[in-house]
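Heads up: the structure comes next, in structure tokens.
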Amino acid sequence: MSTLELLEQHRRNTFKPGKVETLSQAVKFVNERGLVFFWPIQGFTLPSLWVSVAGFRPVPSNQSDPAHITWGWKDHMLGEKKWFYAKVLRRKGTLIALELAPYFYALSHNYGEPESDYLAQFGEGRMTPEAKRVYEVLLAEGPLHTQALRKKAGLRKDMYRFGKALEELQADFKVMPVKVVEAGRWGYAHQYECVHRHHPEFLTKASKIGSLEARARILRNYFASVGAATLGEVRKLFGWDLDDSLEALEQLMGEQNIVGRDAPKNDSAYVLKGLVPTD
């Protein structure tokens with residue numbers, strides 16, 4: 001078989017299109033893959049919970065579609081510590097195995113004192129004023145649903161900036177949704193809490209993980225799922241700079257985990273060693 005045929009077969013095995021039927025199978029799927037999108041995201045190749053249930057088809061707007069059971073699973077599991085859910089990769093809904101989450105946390109702007117380190121981050125221009133206000137409210141008040149949080153952060157009339165602030169904080173592993181509550185006009189709202197309080201073990205484990213170790217570990221899971229990717233695809237998905245991306249890819253090549261080109265170009269392809277046919 002050619003590399004392309006092996007890759008297609010590999011992704012059918014790892015994406016499990018239409019194979020997941022129960023919540024327990026969904027949890028197992030996330031733990032096996034390490035990181036998956038909640039919905040499939042156009043322009044990015046990564047397993048998603050939706051595809052694992054519905055197969056390779058678009059997400060319908062019809063809420064009665066049977067595959068929308070994934071929405072109920074996601075809400076039911078908030079705060080249950082069976083997986084980590086937040087808007088992480090590309091600031092889109094991402095499910096991450098608890099074993100892998102500390103490696104993402106190690107790459108965030110959270111250090112030894114998450115209740116004060118953010119001030120340096122803000123002072124250096126790496127946190128928006130809106131995100132700072134939302135984070136400080138949660139630090140002071142504890143878990144709050146979106147309506148109360150928006151009001152206390154002084155963003156009651158600015159849903160757009162509030163939403164962007166929440167996305168920013170989730171992508172940096174500062175806050176996460178932990179519950180669905182009856183609140184607001186529709187009787188449905190997410191309750192948010194600080195990640196370091198809900199998952200204190202992340203801080204402990206991440207303190208022992210170096211940046212290269214973290215990126216290499218994340219990429220092992222990534223390539224185990226997708227089988228092949230270009231340098232550009234890696235950088236676009238994870239938001240890493242060129243040197244950090246190349247260093248992690250070289251680590252995997254040194255382990256003989258992946259095979260890649262020598263020239264560091266954006267379209268340089270890297271492939272799982274097992275997907276390269278041997279003569």
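The shortest distance between side-chain heavy atoms of L166 and T146 falls below 4.5 Å. Put simply, the side chain of E8 reaches to within 4.5 Å of the side chain of R12, judged on heavy atoms. A heavy-atom distance below 4.5 Å is found between the side chains of M127 and L169. Between F162 and R156, every side-chain heavy-atom pair lies at or beyond the 4.5 Å cut-off. Between H190 and L78 there is a side-chain heavy-atom pair separated by less than 4.5 Å. Taking the side chain as every heavy atom from C-beta outward, F29 and K19 never approach each other to under 4.5 Å. Side chains of E213 and Y103 form a contact here, defined as non-hydrogen atoms less than 4.5 Å apart.
Of the residues listed (L139, D117, V195, N110), the one engaging K174 in a side-chain contact (heavy atoms from CB on, under 4.5 Å) is N110, and it is the only one. Put simply, the residue from Y135, Y111, F173 that forms a ring pair (Phe, Tyr, Trp, His ring centres under 6.0 Å) with Y118 is Y135. Of the listed residues (Q170, H198, K87), just one forms a side-chain contact (heavy atoms from CB on, under 4.5 Å) with M176, and that residue is H198. When each of V30, V27, L95 is checked for a side-chain contact (heavy atoms from CB on, under 4.5 Å) with M77, only V27 meets the rule. Between F104 and the choices I218, D172, I209, T94, the side-chain contact (heavy atoms from CB on, under 4.5 Å) rule is met once, by I218.
Evaluation of the side chain to side chain donor-acceptor pair (under 3.5 Å) rule for R150 yields no partner, not counting sequence neighbours.
Between the side chains of E255 and Q251, at least one donor N or O lies within less than 3.5 Å of an accepting N or O. For the 3.5 Å distance criterion, the side chains of E168 and T128 qualify, holding a donor opposite an acceptor.
Both V59 and F56 are members of a single hydrophobic cluster when ILVMFWY side chains are connected at heavy-atom separations under 4.5 Å. With hydrophobic clusters built from ILVMFWY side chains whose heavy atoms lie under 4.5 angstrom apart, Y192 does not share a cluster with M159.
Summarising the geometry, atom NZ belonging to K179 is positioned 11.0 Å from atom NE2 belonging to H145; distances are rounded to the nearest 0.5 Å.
A216 and A248 make their closest contact through N-CB, 4.1 Å (heavy atoms, listed as atom of the first residue, atom of the second, distance).
Within the cation-pi definition used here (under 6.0 Å to the ring centroid, within 45° of the axis), K236 qualifies as a partner of F44.
Annotation: E80, atom CD; neighbour count of heavy atoms from other residues, nucleotides and ligands within 6.0 Å is above 12.
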